[in-house]
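I have placed the structure first, in the form of structure tokens, so that the comments after it can refer back to it.
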Amino acid sequence: MSRFPAVRLRRLRANERSRRTVRETRVPPSSLILPVFVDPTLRRPQGLPALPALTRHPPEALLPLARRAERAGLGGLLLFGRPRRKDPEGTGAWDEAGAVPRALRSLRSRTRLLLVADVCLCAYTTDGHCGYWKEGEVENDRSLVGLARAAVTYARAGADWLAPSAMLDGQVGAVREALDAAGYAGRAILAYSAKSASAFYDPFRDVEDSSPRQGDRRGYQMDYGNPREALREMALDMEEGADLVMVKPGLPQLDLLARARERFPLPLAVYQVSGEYAMMKDAAGAGHLDESRAVPEVLTAFRRAGADVILSYYALEAVEQGWI
Ligand code: PBG
């Protein structure tokens with residue numbers, strides 16, 4: 001007898017003790033990475049109460065946050081910096097005394113958390129592009145040199161994983177080669193592989209002051225309508241030496257995660273970006289959404305679609321509030 005009335009799927013849904021025993025998908029805190037912003041000009045944290053996870057911190061002031069993240073059992077932190085002064089070459093990105101190296105050095109010997117450094121030039125260049133802007137486009141190969149220098153600087157300061165996010169051709173290979181040559185063959189690369197030119201990065205760009213002064217990022221970030229191209233980006237990054245590949249943004253691209261999960265054996269990451277966070281925070285603030293139910297639903301969707309690692313501004317709050 002394999003159908004109603006013998007079969008009743010509601011039996012296993014009858015109560016929480018049953019539901020929790022057969023639940024197929026969970027979100028372990030260790031799979032979560034919290035993005036964190038450091039700003040060398042600050043003496044105290046600065047941010048908007050409405051979007052608390054988008055606060056900027058002084059580079060040496062992250063220890064209390066790191067302790068909370070450890071207590072919550074999070075996987076790690078993803079660090080974003082900005083320079084004292086932007087310049088055309090983005091030299092602040094590989095300044096040994098820059099915000100990210102300072103934060104890494106202050107945390108490295110004091111925490112067991114995984115420390116990941118974003119590797120990009122957009123917060124450091126005057127033009128606000130992820131590489132060098134010239135005559136209406138980003139120069140690919142010359143920009144790779146800057147990205148590679150930044151990656152080595154963060155590895156030296158103690159980053160476990162380097163995460164190139166500029167979407168330039170060859171960026172993973174360039175970072176891999178530079179790390180190996182500098183003696184960091186053991187540090188991993190989390191590649192922002194399927195990163196689309198998305199409207200959902202705007203709150204991040206406000207925090208980082210990294211919006212392009214001219215033009216936009218569609219000449220290097222992916223067209224979000226191109227799933228086959230996204231798989232190609234991921235495959236190429238693997239060939240160039242990526243240890244994990246990422247899909248970004250998350251919720252608008254769950255299909256890419258699911259397809260990549262079937263096709264590739266390596267760990268997959270997803271980035272629930274600033275606009276996705278703002279959408280839910282603002283809706284909760286307006287009384288339209290209950291975060292305690294909405295946040296676990298979305299985080300579970302990422303895991304169900306195939307993500308091993310979730311980068312989320314909700315990472316710490318979700319665990320501390322008991323939402324997951
Ligand atoms: C840097 C970078 C961006 C984000 C992560 N790394 C901004 C961008 O590409 O414009 C966005 C993250 C977010 O919105 O939370 N290139």
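Because the structure is a prediction, the values reported are computed rather than measured. In each ligand, atom 1 is the first atom listed, and ligand 1 is the first ligand listed.
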Could you tell me whether [X] and [Y] have a side-chain N and a carboxylate O separated by less than 4.0 Å?
X	Y	result
Glu70	Arg67	yes
Arg102	Glu60	yes
Asp160	Arg108	yes
Glu229	Arg232	no
Lys281	Glu291	yes

Query raised in the report: How would you list, by chain and number, every residue that makes a ring pair (Phe, Tyr, Trp, His ring centres under 6.0 Å) with Tyr192, sequence neighbours excluded?
Result: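 Ring pair (Phe, Tyr, Trp, His ring centres under 6.0 Å) check on Tyr192 returns nothing, list empty.
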**Report entry** Which segment of Tyr277 sits under 4.0 Å of ligand 1 when only heavy atoms are counted
**Finding:**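 It is neither; nothing of Tyr277 touches ligand 1.
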Requested in this report: Using a 4.0 Å heavy-atom cut-off, say whether Ser165 meets ligand 1 through its side chain, its backbone, both or neither.
Outcome: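 Both of them.
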Query raised in the report: Hey, mind stepping through Thr125 and Lys86 against side chain to side chain contact (heavy atoms under 4.5 Å, CB included) and telling me if it holds?
Result: CA-CA 5 Å; Thr125 54; Lys86 297 175 193 277; over 6 Å; no
Should you measure from each heavy atom of [X], which atoms of ligand 1 turn up under 4.0 Å away?
X	result
Arg205	8 (C), 10 (O)
Cys130	16 (N)
Phe80	5 (C), 6 (N)
Tyr271	12 (C), 15 (O)
Cys122	1 (C), 16 (N)
Asp118	6 (N)

Do [X] and [Y] have a side chain donor and acceptor closer than 3.5 Å?
X	Y	value
Gln221	Ser198	no
Glu137	Tyr220	no
Ser292	Asp290	yes

Ligand 1 contact by [X], heavy-atom criterion under 4.0 angstrom:
X	answer
Lys248	yes
Ala166	no
Glu276	no

Tell me: protein heavy atom nearest [atom], and distance?
atom	result
atom 15 (O) of ligand 1	Tyr313 OH, 2.6 Å
atom 14 (O) of ligand 1	Ser274 OG, 2.7 Å
atom 2 (C) of ligand 1	Lys195 NZ, 3.4 Å
atom 12 (C) of ligand 1	Phe204 CD1, 3.4 Å

Requested in this report: Run down the list His129, Arg217, Gln272, Met246 and name the one with the heavy atom closest to atom 8 (C) of ligand 1.
Outcome: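 Comparing heavy atoms across His129, Arg217, Gln272, Met246, the nearest one to atom 8 (C) of ligand 1 lies in Arg217.
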